[in-house]
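No hydrogens, no waters, no symmetry mates; every other heavy atom, side chains included, goes into these values. Throughout, residue positions are numbered sequentially from 1 according to the sequence presented.
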Amino acid sequence: MSQSVGIKDVARAAGVSVGTVSNVINRPDTVASETRARVQSAIDRLGYVRSESARQLRAGRSRIMGLLVLDMGNPFFVDVARGAERAARDAGLGVMVCNSAQSAGEEAEYLSLFAEQRVRGVLLTPTDASGRNIETFRRHNIPFVLVDRVGDSTTECSVSVDDVAGGALAVRHLVDAGHRSIAYVSGPPGLNQVRDRRTGALSALAEAGLGPGSLRELPTERLDVAAGRDAGARLLGLADRPTAVFCANDLLALGVLQAMYAAGVRVPDDLAIVGYDDIEFAAAAAVPLTSVRQPAVTMGALAAGLLLEETEAETGARRHEHRRVVLQPELVVRRSSLAVR
């Protein structure tokens, strides 16, 4: 395999100094047109491509923004990435997207990678409940913004949705439909989102004069369809089965729906189901899924904007104060919860 062409090769072929080639690439207006044309001809003939990463490291300013999410298999995070990528592209930056797969160990590895690559900043949905990974990463002095997680506004920015309000929307809807015994398929208990949605669910029950015993929690290790099917199987095995189920995200809800369909349980007549996120597949399910909508694309774009603002503040280009942005969820009602008891 031939070696890659370097700037010295271009200089030799064009009969100029390395500094002249560098000026043609970075400051073409400073080079005479005849010399510039000769250097450009050599670049084209040799197929020279400059090392952008090396240039960025010399300048101390990467053009890459890191994005670390819980699960790229979840369309919600794909939408977050879309929003972040649009904002980054408008600013002339690229996005390095990584997936922690809900693993604190993988999260630590990717944060270390971001530090090694000296990324401009990081958008992070944390999975490590202890917070140790964030504290370790903080020592690198790389700006970061928490996404889908409320942060301490004095130390970093965050963009999230009011998950307490979202949980209340879901369960209030079920209570208004006449349900008095509700299951909560909750996902990993260490995630703040899971806990906040439970808090909202309990508050909606309390509003209706119902105690916490009206909510039967079915935790899962993951937030995917397979975990939802497993929770659905456990739900079917309960002697006193709830009449409705609220799931911490739509993938869990779709898994529960699959388990009910396989067992001949009618949705919503025998069991009402409400999900969370309102991913594209929710409306396309065999029984269209009622869900709490999160503005995922907006969340990603806002988070990227805050990160860009912070990195520009480091150069003195603009002022920056850490902010906590909390967006409001919206209940989207579809057939999976429409049977009134």
Side-chain angles (χ1 to χ4, degrees), residues 70-71 74 76-77 102 125-131 146-151 158 160-177 179-225 227-232 234-235 238 240-257 271-279 282 289-294 296 299 326-333 336-337:
L70 292 179
D71 180 11
N74 186 339
F76 166 76
F77 288 111
Q102 302 173 45
T125 303
T127 191
D128 178 23
S130 73
L146 300 180
V147 184
D148 194 32
R149 171 82 169 268
V150 178
S158 67
S160 62
V161 166
D162 188 340
D163 283 318
V164 174
L169 281 174
V171 172
R172 192 178 296 124
H173 166 68
L174 292 171
V175 169
D176 288 346
H179 297 281
R180 296 296 180 266
S181 178
I182 300 169
Y184 176 44
V185 177
S186 61
L191 292 178
N192 283 18
Q193 298 93 324
V194 166
R195 295 196 298 267
D196 287 348
R197 292 166 197 177
R198 181 199 306 115
T199 298
L202 291 172
S203 70
L205 290 173
E207 288 173 9
L210 300 171
S214 298
L215 191 72
R216 182 89 62 91
E217 185 168 358
L218 297 173
T220 63
E221 293 184 359
R222 301 186 64 79
L223 289 162
D224 55 24
V225 173
R229 284 196 298 267
D230 175 71
R234 284 184 280 153
L235 187 64
L238 296 177
D240 185 18
R241 193 164 71 209
T243 60
V245 58
F246 166 45
C247 298
N249 77 359
D250 284 341
L251 297 182
L252 291 172
L254 292 170
V256 171
L257 180 61
L271 183 77
I273 302 176
V274 175
Y276 205 103
D277 290 339
D278 195 35
I279 61 175
L289 185 66
T290 294
S291 185
V292 178
R293 176 178 293 165
Q294 299 198 80
M299 192 183 304
V326 181
L327 305 174
Q328 292 303 307
E330 174 190 358
L331 182 69
V332 181
V333 178
S336 70
S337 65

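- Scanning for side chain to side chain donor-acceptor pair (under 3.5 Å) contacts around Glu207 gives Arg172, with sequence neighbours left out.
- Interatomic distance, CG of Leu254 versus OG of Ser291, reported as 9.0 Å (0.5 Å rounding).
- No donor-acceptor contact under 3.5 angstrom links the side chains of Thr290 and His173, judged on distance only.
- In this structure Arg229 satisfies the salt bridge (Lys or Arg N to Asp or Glu O under 4.0 Å) test with no other residue, sequence neighbours excluded.
- Aromatic ring pairs are classed by plane angle as parallel below 30°, tilted from 30° to 60° and perpendicular above 60°; the pair Tyr276 and Phe246 is tilted.
- Interatomic distance, CZ of Arg293 versus CG of Asp278, reported as 4.5 Å (0.5 Å rounding).
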Set out, in order, the CA-CA distance, both residues' side-chain angles and the distance that settles side chain to side chain contact (heavy atoms under 4.5 Å, CB included) for Thr125 and Met299, then state yes or no.
CA-CA 12 Å; Thr125 303; Met299 192 183 304; over 6 Å; no
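- Counting only heavy atoms from C-beta outward, the side chains of Pro188 and Leu223 approach each other to under 4.5 Å.
- Closest heavy-atom contact between Ser337 and Ile273: CB-O, 3.9 Å.
- Shown here for Pro242 and Ala183, the closest heavy-atom pair between the two residues is CB-N, 3.8 Å.
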Does the pair Leu205 and Val171 meet the rule for a side chain to side chain contact (heavy atoms under 4.5 Å, CB included), with working shown?
CA-CA 7 Å; Leu205 290 173; Val171 172; 3.9 Å; yes
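- Of all non-hydrogen atoms in Val292 and Gly166, the two that sit nearest each other are CG2-O, 3.6 Å.
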Checking side chain to side chain contact (heavy atoms under 4.5 Å, CB included) for the pair Ser336/Leu257: CA distance, chi angles, key distance, verdict?
CA-CA 9 Å; Ser336 70; Leu257 180 61; 5.9 Å; no
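- The two residues Tyr184 and Cys247 have their closest heavy-atom pair at CE1-C, 4.5 Å.
- Side-chain contact between Arg198 and Leu215 is present, with heavy atoms from C-beta onward closer than 4.5 Å.
- Two residues are said to be in side-chain contact when any heavy atoms from C-beta on lie closer than 4.5 Å; Ser160 and Leu146 fail this criterion.
- The distance from atom CG of Asp224 to atom CD of Gln102, rounded to the nearest 0.5 Å, is 7.0 Å.
- Listed by chain and residue number, Glu217 satisfy the side chain to side chain donor-acceptor pair (under 3.5 Å) test with Ser186 (two or more places apart in sequence, or in another chain).
- Residues Leu210 and Ile182 form no side-chain contact, since every pair of their non-hydrogen atoms from C-beta on lies 4.5 Å or further apart.
- Using a 4.5 Å heavy-atom threshold, the side chains of Arg234 and Thr220 count as touching.
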Take Phe77 and Ile279 through the side chain to side chain contact (heavy atoms under 4.5 Å, CB included) test and state the conclusion after the steps.
CA-CA 10 Å; Phe77 288 111; Ile279 61 175; over 6 Å; no
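- Across Ala253 and Leu289, no two heavy atoms sit closer than the pair CB-CD2, 3.7 Å.
- Considering only heavy atoms from C-beta on, Pro329 comes within 4.5 Å of Leu169 through its side chain.
- With sequence neighbours left out, Asp148 forms a salt bridge (Lys or Arg N to Asp or Glu O under 4.0 Å) with no residue at all.
- Nearest heavy-atom pair across Ala227 and Leu252 is CB-CD2, 3.8 Å.
- By the salt bridge (Lys or Arg N to Asp or Glu O under 4.0 Å) test, Arg216 pairs with no residue at all, sequence neighbours left out.
- Inter-residue side-chain proximity for Gln294 and Leu327 is flagged as unmet; no heavy-atom pair is nearer than 4.5 Å.
- Put simply, the side chain of Leu218 reaches to within 4.5 Å of the side chain of Leu235, judged on heavy atoms.
- Judged as a salt bridge (charged side-chain N to carboxylate O under 4.0 Å, His left out), not a single pair has a partner in residues 243-254 (not counting sequence neighbours).
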